[in-house]
Number of protein chains: 2
Amino acid sequence: MATINDIGVAAAINIVTALAFLLAFAIFRIQPVNDRVYFPKWYLKGLRSSSIQTGGFGSKFINLDFRSYIRFLNWMPEALKMPEPELVDHAGLDSVVYLRIYLLGLKIFFPIACVAFTAMVPVNWTNKGLDRLRHYNISFSDIDKLSLSNIPNGSPRFWVHLCMAYAITFWTCFILKREYQNIALMRLQFLANDQRRPNQFTVLVRNIPSDPHESICELVEHFFKVNHPDHYLTFQAVHDATKLSELVLTRKQMQNLLDYNINKHMRNQSNRPVIKMGFLGCCGEEADGIKYYTSVVEGLTREIAEEKQRLRTGTKSIVPAAFVSFKTRWGAAVCAQTQQTRNPTEWVTEWAAEPRDIYYDNLALPYVDLKIRRLIVGVAYFFLTFFFMIPIAFVQSLANIEGIEKAFPFLKPLIEVKFLKSIIQGFLPGIALKIFLLFLPRILMQMSKFEGFVSTSSLERRAATRFYMFQFINVFLGSIVTGTAFQQLNSFLNQSANDIPKTIGVSIPMKATFFITYIMVDGWAGVAGEILRLKPLIIYHLKNSFLVRTEKDREEATDPGTIGFNTGEPQIQLYFLLGLVYAAVSPILLPFILVFFGLAFVVYRHQVINVYNQKYESAGKFWPDVHRRVVIALVVSQLLLMGLLSTKHASKSTPLLLVLPLLTIGFHKHCKNRYQPAFVTYPLQEAMIKDTLDRIREPNFNLKAFLRDAYAHPEFRVGEDPEPEEKLESDMSPPELVATKRGSWRNTPLTSKQSCRDIP
Amino acid sequence: MATINDIGVAAAINIVTALAFLLAFAIFRIQPVNDRVYFPKWYLKGLRSSSIQTGGFGSKFINLDFRSYIRFLNWMPEALKMPEPELVDHAGLDSVVYLRIYLLGLKIFFPIACVAFTAMVPVNWTNKGLDRLRHYNISFSDIDKLSLSNIPNGSPRFWVHLCMAYAITFWTCFILKREYQNIALMRLQFLANDQRRPNQFTVLVRNIPSDPHESICELVEHFFKVNHPDHYLTFQAVHDATKLSELVLTRKQMQNLLDYNINKHMRNQSNRPVIKMGFLGCCGEEADGIKYYTSVVEGLTREIAEEKQRLRTGTKSIVPAAFVSFKTRWGAAVCAQTQQTRNPTEWVTEWAAEPRDIYYDNLALPYVDLKIRRLIVGVAYFFLTFFFMIPIAFVQSLANIEGIEKAFPFLKPLIEVKFLKSIIQGFLPGIALKIFLLFLPRILMQMSKFEGFVSTSSLERRAATRFYMFQFINVFLGSIVTGTAFQQLNSFLNQSANDIPKTIGVSIPMKATFFITYIMVDGWAGVAGEILRLKPLIIYHLKNSFLVRTEKDREEATDPGTIGFNTGEPQIQLYFLLGLVYAAVSPILLPFILVFFGLAFVVYRHQVINVYNQKYESAGKFWPDVHRRVVIALVVSQLLLMGLLSTKHASKSTPLLLVLPLLTIGFHKHCKNRYQPAFVTYPLQEAMIKDTLDRIREPNFNLKAFLRDAYAHPEFRVGEDPEPEEKLESDMSPPELVATKRGSWRNTPLTSKQSCRDIP
């Protein structure tokens with residue numbers, strides 16, 4: 001077991017690393033040449049067009065104003081300066097709500113840490129429970145003396161821990177409820193103040209049944225004219241533009257190669273760049289690079305135009321889904337919240353996400369496919385979670401000094417050096433896990449895509465849920481209980497419901513030191529690394545050297561990135577889990593978690609203000625997930641404490657502790673009923689108020705023109721000239737109700753061309 | 001353990017009892033004097049006004065046509081004759097769907113029984129697994145030789161049981177799905193063909209927030225005029241009429257006493273009836289009965305009129321709930337399915353049930369109260385379920401011969417008489433349980449009422465769920481695993497998840513004989529008793545002798561009763577559970593269950609045609625509950641078989657059996673997504689079709705007049721003259737939108753009197 005010295009060394013290393021990152025950032029960010037890497041948000045907003053120069057030779061690239069180096073840490077107060085409402089305008093509600101997760105951590109854990117250190121640490125410290133272990137030659141560190149392990153079995157002092165558990169529960173629930181309330185209010189306020197947006201008027205309709213007598217366009221038009229006669233306005237068909245997307249992507253790659261060749265030629269005007277036509281450009285015939293790529297790009301441009309034309313005129317590529325728009329927000333809210341036909345799997349309506357949030361590839365999936373895909377992904381995820389563990393267990397067995405010495409005996413003299421030993425013990429397990437987990441989010445994101453979600457935001461939310469569950473099982477449980485996840489599952493199935501919390505609970509205090517190093521590596525150094533943006537920095541400078549010709553190219557070379565909800569949020573949740581589990585057991589963990597939350601809050605606030613460019617705005621729709629996961633962490637912490645105390649012969653406390661999970665679950669149900677609808681539905685009253693205001697302010701607004709191309713496939717918009725205006729104003733006389741021969745109520749049929757003209 | 005002889009005796013007793021009941025019924029039903037007891041439905045429908053007479057002396061009371069006694073069993077084919085669509089018209093969809101539960105049982109178990117007896121019984125019988133037990137002096141009966149217990153451990157013959165489990169699962173799911181589909185279709189068809197009803201246009205709004213500036217009536221009017229401007233028609237306030245209800249009830253009792261006294265006087269004209277005014281009419285001053293009760297009834301009538309007047313004019317008794325009606329079904333469907341305001345706990349809308357289905361007492365409960373009540377009921381139900389068991393265990397220990405002999409040694413010679421022993425062993429445990437369970441439904445119904453449901457149908461559904469869970473835990477598990485339910489719970493908590501099915505599974509084959517007797521007592525004799533209607537028969541004749549004066553009184557004296565979903569359905573579900581659990585273990589149970597389903601189907605079909613008068617029509621809304629419970633029974637049967645087989649050293653089959661519950665749960669989810677919405681929401685397309693047809697057929701229908709008193713409190717309607725017509729036609733000019741001083745969008749204020757005039 002790691003001693004307090006090991007922790008000290010690890011802390012020192014991590015603090016040094018984190019400080020080095022922060023220092024590097026402080027220097028890099030004031031270099032004009034890096035301006036686009038560290039302040040891309042301002043460029044994207046058009047508030048900054050070129051880097052600030054301090055004058056003097058070379059000042060275009062390097063900051064020569066030495067005074068600014070003295071103030072190198074002033075980004076921190078600056079990051080905290082911008083008030084929240086302004087930040088909502090600047091970066092959107094998603095970012096602000098995301099930052100509030102860190103604040104939530106501070107709000108929950110700061111008071112708990114204060115109470116724990118004043119009340120619990122003395123209670124734990126002034127015992128001799130662990131001293132008895134010396135007789136059995138079991139080593140323990142001073143850190144363990146701060147924990148619950150130090151209290152002898154059956155001691156009345158456990159009442160303090162019991163009270164602490166109650167205090168933690170009530171405080172956490174109180175803060176959670178207030179936060180849920182605030183964020184629901186912020187969301188509703190945000191939606192109420194939001195300007196006119198296409199998604200407010202639009203509903204996504206999926207699983208349109210096929211009809212031998214009518215095309216999809218006609219079907220949609222008729223259906224909504226009949227069933228929403230007073231409110232229906234127009235619709236946009238969805239095209240299967242897979243081929244077009246591929247072509248556009250290829251053209252972009254070819255354009256990059258062309259740019260590279262042109263740049264090469266410009267630098268060295270004497271010889272034109274030559275490329276080889278064979279395998280990977282390494283062999284084969286030689287050709288003029290610029291000429292070759294120019295012709296390829298031109299060919300692709302032609303092909304793209306043809307493909308667009310084909311999609312625009314043909315109806316074969318239309319998939320059985322459509323974006324249906326209504327005259328009022330009220331009409332859209334009604335359509336999104338109601339069932340349309342007898343068969344609930346047909347004409348499925350839901351709020352359309354923002355146009356930029358839509359994930360077009362999944363719109364066409366039929367109902368049965370979705371179910372099958374969900375099943376497949378469920379099974380795949382199960383195997384991923386329970387068999388991915390093997391490599392982690394391998395790495396962790398290496399991180400054990402004795403294990404390494406056994407495996408590589410020749411390393412023994414090296415490892416026995418005290419300093420190196422501390423590094424290995426304090427550093428390795430954490431970093432191995434972290435590297436390992438870096439690859440996971442992509443796999444999970446692909447799974448979510450396969451599963452068929454139709455918006456990027458929901459993809460990310462789903463991937464985050466999966467990532468959290470993965471971390472819970474493999475990082476948290478996997479580190480506490482030895483053995484692979486599958487072995488654990490098997491042993492849990494063979495244990496009674498009472499024994500599982502005991503098995504886990506009893507090993508919790510022993511793992512405190514491991515999690516402290518994990519928090520330092522993953523949390524502290526990770527956050528400091530985030531602000532340095534090493535990867536975007538390198539890529540930007542590479543692109544800048546080889547590909548950039550115009551200012552517009554330079555703009556494209558900057559990748560501001562996003563918050564990355566699917567990776568960031570589960571990470572924070574792990575800290576919530578650790579904090580809540582250890583709060584009543586080994587409070588020594590809490591300061592480390594508090595430092596993480598504080599540092600991360602400042603860093604991410606800075607990044608949100610200066611760097612990240614969110615790809616979509618879901619108005620904080622992810623908060624119910626955040627809330628739910630903190631509640632789960634709370635319940636887990638209660639169950640584990642119950643297990644731990646019952647092994648400590650403090651079983652009198654079990655019934656009192658059993659009440660806590662029940663209360664917490666009740667609390668969660670209440671919050672869900674009370675606040676979750678604000679994140680799912682759009683209340684009719686809100687819609688009506690906004691409609692009424694709009695009608696008064698702009699009675700003659702042409703909504704149809706406003707909505708016309710809003711939901712066109714993004715590839716349609718690439719390099720597209722705006723459509724001539726006369727198409728917009730095409731008459732759309734109110735349809736007359738007629739009964740068609742097939743007995744159902746249909747409108748006067750439109751020609752296929754007429755009804756599909758909404759495609760740009 | 002009961003031998004085959006015991007079963008034979010029990011079967012004989014029960015068959016004789018059942019036959020006696022049926023015979024008594026056959027004779028009683030053709031007596032004209034009982035006509036109103038056995039054919040009340042026809043009287044209520046106005047298709048029969050006096051009993052059929054065969055002529056001759058006394059033929060008004062007793063049937064003297066002896067030929068009709070020969071045909072005494074012809075009610076059976078008659079009950080089956082009426083085709084289903086006609087039955088829907090005659091008795092409503094609820095009854096027809098309820099009957100289909102019995103049919104579902106026949107459809108599921110008849111093929112299973114055939115396969116089990118041809119394939120499994122020979123496999124079980126031709127073994128000597130149980131013979132080994134003779135060495136250990138453990139007794140077993142021939143019935144056990146038919147069961148899975150007879151197969152030696154680890155025998156390859158268990159593959160037959162495995163295949164059987166798969167066959168049962170697939171067949172049950174197939175039938176369940178087809179039935180769900182059919183019933184969803186029947187429901188939609190029924191709703192589509194249904195005549196114009198107030199509930200189609202009406203939404204129940206609850207939790208109307210209080211407003212210091214407006215009365216509830218004004219608030220409702222304004223809110224819906226603003227938020228559903230094109231569709232809102234009118235509303236009806238809900239009054240707290242508790243006092244009125246009490247007065248009406250008292251008047252009814254007094255009226256009964258008055259009638260009794262008048263009848264007494266008419267029979268014996270010489271002396272007027274005298275009553276005593278003291279305690280319970282046993283002591284105190286004497287008075288003239290007729291005069292006294294006449295004055296009391298008159299006084300009450302006056303009080304009732306005053307109370308009605310008070311409710312009608314005052315606004316204090318109006319509770320924060322209202323029935324809001326719309327111009328179209330579309331408008332009502334929209335309002336019922338959408339969220340109205342930011343706060344999802346205010347202005348909660350839902351489909352209004354039929355007026356006669358509404359449970360008025362619960363309409364006023366605020367949101368927080370509902371939650372607290374639910375919690376209280378949950379805790380109460382937990383204690384009821386887990387501690388109610390003690391008496392049952394006591395009775396069952398008595399039913400054990402050895403137990404009785406120990407407790408009452410002097411009874412030993414009596415008990416040892418072979419015939420008596422058989423009776424005690426075969427009969428007692430079942431009947432004790434049954435009597436015990438008779439009291440339960442009322443308690444559960446009271447619990448549901450306290451919990452705050454607003455319609456009788458939902459009250460009954462909830463009570464049925466609770467009753468089923470109670471039976472599952474206490475009758476099913478309680479009979480299989482010895483010990484009280486609480487001891488079981490405790491031992492389950494201390495067992496591993498793997499061991500629980502083993503513990504229960506291993507005792508299943510041994511309990512087959514007990515459940516056979518239970519089926520005979522509870523099922524066979526119970527159903528035969530149901531058709532005899534002994535209790536209503538006695539009550540009718542008592543009332544007829546003492547209270548009835550006019551033909552109308554006689555009508556009121558008949559209590560046709562209802563199907564009683566809250567008691568009947570859980571009982572059937574217990575048979576589904578037993579059938580599915582024993583199908584692969586001891587198929588000998590299946591014929592008994594089949595007889596029950598067949599007999600019950602005929603009996604209840606007869607009762608539905610001739611007797612029951614449903615209090616409400618929910619259009620088969622309970623089917624999702626029925627479906628879910630059969631699925632639960634299926635999963636339980638699979639888990640128990642898995643546990644049983646694993647104790648039989650057939651663990652190779654476990655993974656194959658593990659697939660079944662997963663498949664079944666997947667199947668349930670699919671069915672839920674696909675068919676459940678048909679039972680919850682009203683699709684907009686359906687609403688629109690019906691609206692359009694209505695508009696064409698009756699363009700000038702006065703909907704407002706039609707809806708006016710539909711949802712008035714039932715006590716308002718008692719002895720009420722119709723309101724003068726001019727009130728109906730009061731102008732309701734379209735409101736203008738104005739912003740009130742308080743900044744929200746409100747309509748022009750109405751006077752309190754105007755907006756509350758909808759109250760009759």
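All chains are named by letter (A, B, ...) in the order of the sequence lines, taking the proteins before the strands, and each is independently numbered beginning at 1.
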*Parallel, tilted or perpendicular: ring planes of A:H231 versus B:W330, cut at 30 and 60 degrees*: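 Answer is parallel, since the angle falls under 30°.
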Just so I know, are the side chains of [X] and [Y] near enough to count as touching, which here means a heavy-atom distance under 4.5 Å?
| X | Y | value |
| --- | --- | --- |
| A:E686 | B:T341 | no |
| B:P344 | A:R674 | yes |
| A:K371 | B:N673 | yes |

Atom [atom1] of [X] and atom [atom2] of [Y]: how far apart are they, to the nearest 0.5 Å?
| X | Y | atom1 | atom2 | answer |
| --- | --- | --- | --- | --- |
| A:L375 | B:H670 | CG | NE2 | 13.0 Å |
| A:N227 | B:M688 | CG | CE | 6.0 Å |
| A:F223 | B:Q685 | CZ | CD | 4.5 Å |

*Where do B:Q339 and A:P677 come nearest, in terms of heavy atoms and distance?*
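Minimum heavy-atom separation between B:Q339 and A:P677: OE1-CB, 3.2 Å.
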*For A:A192 against B:R342, the heavy-atom pair lying closest together*: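 Between these two residues, the closest heavy atoms are CB-NH2, 4.1 Å.
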*asked:* Using heavy-atom distances under 4.5 Å, tell me whether A:N343 contacts chain B through its side chain, its backbone, both, or neither.
replied: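 Contact with chain B: backbone and side chain both.
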*With a 4.5 angstrom heavy-atom cut-off, which part of B:T345 approaches chain A: side chain, backbone, both or neither?*
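For B:T345, the contact with chain A is made by the side chain alone.
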*For residues B:T338 and A:Q337, is any side-chain donor paired with an opposing acceptor at under 3.5 Å?*
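A:Q337 and B:T338 do not have a side-chain donor-acceptor pair below 3.5 Å.
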*Count the heavy atoms of every other residue, nucleotide or ligand shown that sit under 6.0 Å from NZ of B:K672, and state whether that count exceeds 12.*
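At most 12 heavy atoms, drawn from other residues, nucleotides or ligands, come within 6.0 Å of this atom.
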*Looking at A:H228, A:Q676, A:K669, which makes the most heavy-atom pairs under 4.5 Å with chain B?*
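Sorted descending by pairs with chain B, the first entry is A:H228.
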